[in-house]
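Naming convention: chains lettered A, B, ... in sequence-line order (proteins, then strands); numbering from 1 in each chain.
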Amino acid sequence: MLVKNQLFCEIKQKEMDKNIVVFNTLTRKKEKFKPLNPPSIGMYVCGPTVYGDPHLGHARPAIAFDLVFRYLKHTGYKVRYVRNVTDVGHLESDADEGEDKIEKKARLEQLEPMEVAQYYLDRYHLFMDQLNVLRPSIEPRASGHIIEQIAMAKKILDAGMAYEVNGSVYFDVEKYNTKHNYGKLSGRVLEDLIANTRNLEGQDEKKNPCDFALWKKASPEHIMHWPSPWSEGFPGWHLECSAMSIKYLGEQFDIHGGGMDLLFPHHECEIAQSVAANGKESVKYWLHNNMVTINGQKMGKSLGNFITLNEFFTGTHKSLTKAYSPMTIRFFILQAHYRSTLDFSNEALQAAEKGLKKLIQGMETLKKIKPSSNSSVDISKLQLDCYHALNDDFNSPIVISNLFEAARIINSANDGKETLTAANIELLKKLFNDFAFDILGLHDDTAFSGNDLTEGLMELILSLRQNAKVNKDFATSDKIRDELTKLGIAVKDTKDGTVWNV
RNA sequence: GGUCUCUUGGCCGAGUGGCUAGGCGCCGGUCUGCAAAACCGCCUACUCCGGUUCGAAUCCGGAAGAGACCUCCA
């Protein structure tokens, strides 16, 4: 019976994996997902620039593409997932006069640039691990691929699509656009771009304000620089992703992901670079996640309205009424479709926290359900609906709604209002294992304690002790103090009230 | 200013040309020493104005509002 059931599931699964549909930004339509070389899939996602603590906005693409990675693997594909680390290269065009971001921070803190990058990369890993985001197959660093980037810039120069000025190399957008379409991904028209691009200082080297740097000559105060045929310098903003994706996934690969804010110019430039260097586009499906908003506005570095993951986990940001566990954050993000904006609020986060708890408890309750000889529910429909939802552009909210329905069935069965057969129970277990744990990557961290839990508990214990003292129940009040002492917590009654420390 | 996107009930959020997710919250009930949990019920929405249609919240046009990108950003 059980074997038969599993077989049925496997067959169903094979049917399902051929029907994945993804929204391709390139065509602005949902398209049938057909890998270039099944069962292998190449996926590249733009990773973090490691010069600050990761915030809620960084969790969105990490989790969105973690879901894609997990689901594609679940359906039997062999996925090579590459996510880069930007530890050099992003120019700042404002008052900093082209100073490298990593470097700027380094000078402020009197550290080696690589020391700063390493520190924040470690922080990034720490928080992503807590969010149960799987590590990518390869995590290449831009600083480790200078040679590849120089080689690609050379190819673009050889193709006549770039020019050198004073040791810097720029991509010739206008020339490229005579043969190809610069703007095909973002839907922009070059003439409009030229008319609307701001003229920033220090850009007189460029033929056209739209041209972007492939290689930039380092100014004397620049400490991060590498030798190249053109100058001691550093690679331009967009080159690393093109060079590294092609190096590890080939000249053509299946999926390229990233935040919608990278669509232009970053991803547009990647396409131009690939076409100029290799004569063909490298990406088949472009997937973009939407932004996390706060008070209706994008949460981001530049606006300074971001809340770091560390602040969420400890409840230490002024906008937070409490600490939220990593799984609460993960669940909160998965409750919205990856292409929709997601608005942060304490209320929404608390709703996510309670909802997740309900699911986790449903799974626990399932363990004690006694099987009946007949069934009053159809579990396989829930399973099928979950597959349909994921096949339809990774619709996690629908999956979650089906899991809630499963939890409702479990609770009702526990109340004797529904009946479940042994097969039903097995299927429910499989449902939670596959979708909640394996694909959505959720697990039980309800015991997670933020700093405020200890504070709250101590406040409670000490108020009970105070009550005992007021009632002259000194046996109880002394017992509380002695037991706390045994636990390593010192309690002292001062004239300003009771204080404690570990 | 240019390009694009969005507007769903108290909140968060799916989705569809007719069968009107889900969570949280509120209220009522069952249960309960009290509470919690659980279950049942309730609150039934789609910015506005036109049009197409037997029928639109869903398609088309217009208006208003919000946002993203055009500069580093996930």
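- Pair assignment for B/C42: none, as no Watson-Crick or G-U wobble contacts are both less than 3.5 Å.
- Counting non-hydrogen atoms under 4.0 angstrom, A/L342 reaches the backbone sugars and phosphates but no base.
- Pair check for B/G22 finds B/C12; Watson-Crick or G-U wobble, both atom distances under 3.5 Å.
- Distances shown here put every side-chain N or O of A/N414 at or beyond 4.0 Å from the OP1 or OP2 atom of B/A38.
- A/G57 comes within contact range of at least one nucleobase, with a heavy-atom separation under 4.0 Å.
- Ionic pairing of A/D211 and A/K207 is not present here: no N-O contact between side-chain nitrogen and carboxylate oxygen is shorter than 4.0 angstrom.
- Considering only side-chain N and O atoms, A/R408 lies under 4.0 angstrom from the phosphate OP1 or OP2 of B/C40.
- A gap of 23 Å separates the P atoms of B/U8 and B/C26, to the nearest Å.
- The side chain of A/K354 contributes an N or O atom lying less than 4.0 Å from OP1 or OP2 of B/G25.
- Under the Watson-Crick or G-U wobble criterion, with both distances below 3.5 Å, B/U3 is paired with B/A68.
- B/A57: no Watson-Crick or G-U partner with both key distances under 3.5 Å is found in any strand.
- Only the C1' atoms considered, B/G50 is 50 Å distant from B/A38, to the nearest whole Å.
- At a threshold of 4.0 angstrom between heavy atoms, the contacts of A/I400 with the nucleic acid are absent.
- In this structure, A/I194 places its CD1 atom 22 Å from P of B/G1, rounding to the nearest Å.
- Other residues, nucleotides and ligands contribute only 12 or fewer heavy atoms inside 6.0 Å of the NZ atom of A/K357.
- Contacts of A/S302 with the nucleic acid, taken as non-hydrogen atoms under 4.0 Å apart, include base atoms.
- Put simply, CG on A/N289 is 18 Å from P on B/U5, counting in whole angstrom units.
- The side chain of A/K358 places an N or O atom within less than 4.0 Å of a non-bridging phosphate oxygen (OP1 or OP2) of B/C24.
- Look at A/N395 and you'll find a side-chain N or O under 4.0 angstrom from OP1 or OP2 of B/G15.
- A cation-pi geometry, defined here as NZ or CZ lying under 6.0 Å from the six-membered ring centre and within 45° of its normal, holds between A/R339 and A/F23.
- With hydrogens and angles ignored, a donor-acceptor pair closer than 3.5 Å exists between the side chain of A/R188 and the base of B/C69.
- With a 6.0 Å radius and a threshold of 12 heavy atoms from other residues, nucleotides or ligands, A/N471 has its CG atom above the threshold.
- In this structure, CZ of A/R339 is placed 13 Å from C1' of B/G15, rounded to the nearest angstrom.
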Please walk me through it: do A/D87 and A/L121 pass side chain to side chain contact (heavy atoms under 4.5 Å, CB included)?
CA-CA 9 Å; A/D87 55 357; A/L121 179 57; over 6 Å; no
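- Checking B/C48 for Watson-Crick or G-U wobble geometry (two distances, each under 3.5 Å) identifies B/G62 as its partner.
- The separation between A/F344 atom CZ and B/A74 atom P is 19 Å, rounded to whole Å.
- A/H288 has its ring centre less than 6.0 Å from the ring centre of A/H267.
- Contact annotation for A/T341: backbone-only contact, meaning every heavy-atom pair under 4.0 Å involves sugar-phosphate atoms and none involves a base.
- Taking side-chain N and O atoms only, A/S186 has no distance below 4.0 Å to OP1 or OP2 of B/C70.
- More than 12 heavy atoms of other residues, nucleotides or ligands sit less than 6.0 Å from atom NZ of A/K284.
- Contact annotation: A/T49 reaches the phosphate of B/A74 (side-chain N/O to OP1 or OP2, under 4.0 Å).
- Between the NZ atom of A/K298 and the P atom of B/A68 there is a distance of 8 Å, rounded to whole Å.
- Between A/E347 atom CD and B/G10 atom P there is a gap of 12 Å when expressed in whole angstrom units.
- Taking only side-chain nitrogens and oxygens, A/K357 never comes nearer than 4.0 Å to OP1 or OP2 of B/C24.
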